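Numbers restart at 1 for each chain; the letters A, B, ... are given by sequence-line order, proteins then strands. Note that the coordinates shown come from a computational prediction; the quantities given were computed from them, not determined experimentally.
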Amino acid sequence: MDQENHPEEEKKETKQSKFNKLQEQVDESIREQWAEEQNQLKESLIEEDKFEWYIPHKDDGPYNEEKENEGLEPLEFIGAVDISYSKTDSQKACAALVVLSYPSFDVLYEDYEIDTTEYPYIPGFLAFKEIPSLTILFNRLKEKSPEFWPQVLLVDGNGILHNRGFGAASHIGVVMDIPSIGVGKTVFAVDGITQKGVKEMSQEKLLKGGDLEYLTGKSGKHWGAALRSTDESKNPIIISVGHRICLDTAIAVVRACITKYRIPEPIRQADKRSRVWVQKTYDNFDQHHKKKKGVAKKKDDPSPED
DNA sequence: GCGACAG
DNA sequence: ATCTTGTCGC
């Protein structure tokens, strides 16, 4: 009859072929070229602090004075980028660049750009999908509102926690020549570090009262850190060095950007605003209908609504 | 060969 | 990334 004999096998194949198909959308030679470009740009990567600001203490104190005497400026402009996709057409997307004040987290600057990239997301090559629209956004910022140029940039995705040690946060940091930090929501498995392993470590730390776990690979390299950013968080966020910053400073910046949500506020804003923008642009945002149903919201980890 | 796979 | 569904809390 027309009954299938190997339903399980089929399911497995579909899963696998789905991934393969995605990969095939980008020619093998292009992927090799991309990997080469990553390795080349990586030579310009700086994994230590190279900037002239400091994170001010909430209350003006001796620390702040000391830093100012060293010729440093207080951290005041924090940037973040994110890209959202149309739910009806994954090729249609919108990139956002926002700049928030520190420590008040007001959105000082926001700009959006339609993503014209035809490439799909391929693990290990996220930056190539995002760079075209982000380049436009940064050029526009530099040209029209240079006073808002961020002192540090948060990128959702990874920095050096990457199979070639050069993830999107590093890529963007090097290309734009800006200190950058990678903040991921899940782990990109590399050097023996896995999602499952990190989760377990994170749980153990929690029992001991800790909220931070360095991610050390089998090779002994420190790839980043897992931070349980709020008490309610079930999963940690994954921090890694992007560019022109060291891991501990990156962690300090991310910590400073946590308000009451798991995701650092600048990234949250970029995420949220790009989502609204993509709906407006592509998904026929109809005033009449949205009133009834409400727009699909993305849940934040802890619940307060804003 | 097998499993894994940021957004 | 996006979709679902359900649950808790204000």
So for atom CD, which belongs to A:Gln195, do other residues, nucleotides or ligands contribute more than 12 heavy atoms lying within a distance under 6.0 Å? yes
Just the dot-bracket of DNA chain B, please: which string comes out with Watson-Crick or G-U pairs under 3.5 Å, [ ] for crossing, | for another strand? .......
Rounded to whole Å, please give me the gap between CG in A:Asp156 and C1' in C:dA1. 9 Å
Any ion pair linking A:Asp82 and A:Arg273 (charged N to carboxylate O, less than 4.0 Å)? no
Check whether any side-chain heavy atom of A:Gln151 lies under 4.5 Å from a side-chain heavy atom of A:Glu76, and answer yes or no. yes
Find the distance A:Phe125:CZ to B:dA6:P and express it as a whole number of Å. 13 Å
Integer-rounded Å distance: B:dA6 P and A:Ile238 CD1: 12 Å
Please work out which of the three classes, parallel, tilted or perpendicular, describes the rings of A:Phe77 and A:Phe148, given edges at 30° and 60°. perpendicular
Name the closest nucleotide to the A:Ala189 side chain, picking from B:dC5, B:dG7, C:dC3. B:dC5
With a 4.0 Å cut-off on N to O distance, would you call A:Arg255 and A:Asp211 a salt bridge? yes
For A:Gly184, which contact category applies under a 4.0 Å heavy-atom criterion: base, sugar-phosphate, or nothing? sugar-phosphate
Round to a whole Å and report the spacing from NZ of A:Lys129 to P of C:dT2. 11 Å
Residues that A:Ser240 engages under side chain to side chain donor-acceptor pair (under 3.5 Å), provided they are two or more places apart: none
Within less than 4.0 Å of OP1 or OP2 of B:dA4, is there a side-chain N or O belonging to A:Thr194? no
Do any pairs count as a salt bridge (charged side-chain N to carboxylate O under 4.0 Å, His left out) and have a residue in residues 137-163 of chain A, sequence neighbours left out, and if so which ones? A:Asp111-A:Arg140, A:Glu113-A:Arg140, A:Asp156-A:Lys185
Tell me what A:Ala169 touches on the nucleic acid: a base, only sugar-phosphate, or nothing, going by heavy atoms under 4.0 Å. nothing
In DNA chain C, stems of three or more consecutive pairs, Watson-Crick or G-U, each with both distances under 3.5 Å, turn out to be none
Just how far, in rounded Å, is P of B:dC5 from CG of A:Leu161? 12 Å
From the candidates B:dG7, C:dT2, B:dA6, the one with an atom nearest any side-chain atom of A:Arg275 is C:dT2
Any salt bridge (charged side-chain N to carboxylate O under 4.0 Å, His left out) involving residues 160-175 of chain A? Give me the pairs, sequence neighbours left out, ordered by first then second residue. none
Taking only residues two or more places apart in sequence or in another chain, which ones pass side chain to side chain donor-acceptor pair (under 3.5 Å) with A:Thr259? A:Glu265
Look at all strands and tell whether A:Gly182 reaches a base, only sugar-phosphate, or nothing, counting heavy atoms closer than 4.0 Å. nothing
Within 6.0 angstrom of A:Glu70 CD, more than 12 heavy atoms from elsewhere: yes
Would you mind telling me which of C:dT2, C:dA1, B:dA6 lies closest to the side-chain atoms of A:Lys185? C:dA1
How many Å lie between NZ on A:Lys272 and P on B:dG7, as a whole number? 19 Å
Please classify the nucleic acid contact of A:Val190 as base, sugar-phosphate, or nothing, using heavy-atom distances under 4.0 Å. nothing
Rounded interatomic separation in angstrom, taking CH2 from A:Trp223 and C1' from B:dA6: 14 Å
Interatomic distance, A:Gln195 CD vs B:dG7 P [rounded to whole Å]: 9 Å
Using a 4.0 Å heavy-atom cut-off, does A:Ser84 contact any base of the nucleic acid, only the sugar-phosphate backbone, or nothing at all? sugar-phosphate
Ring centres within less than 5.5 Å and planes less than 30° apart: is that true of A:Tyr85 and C:dA1 in this structure? no
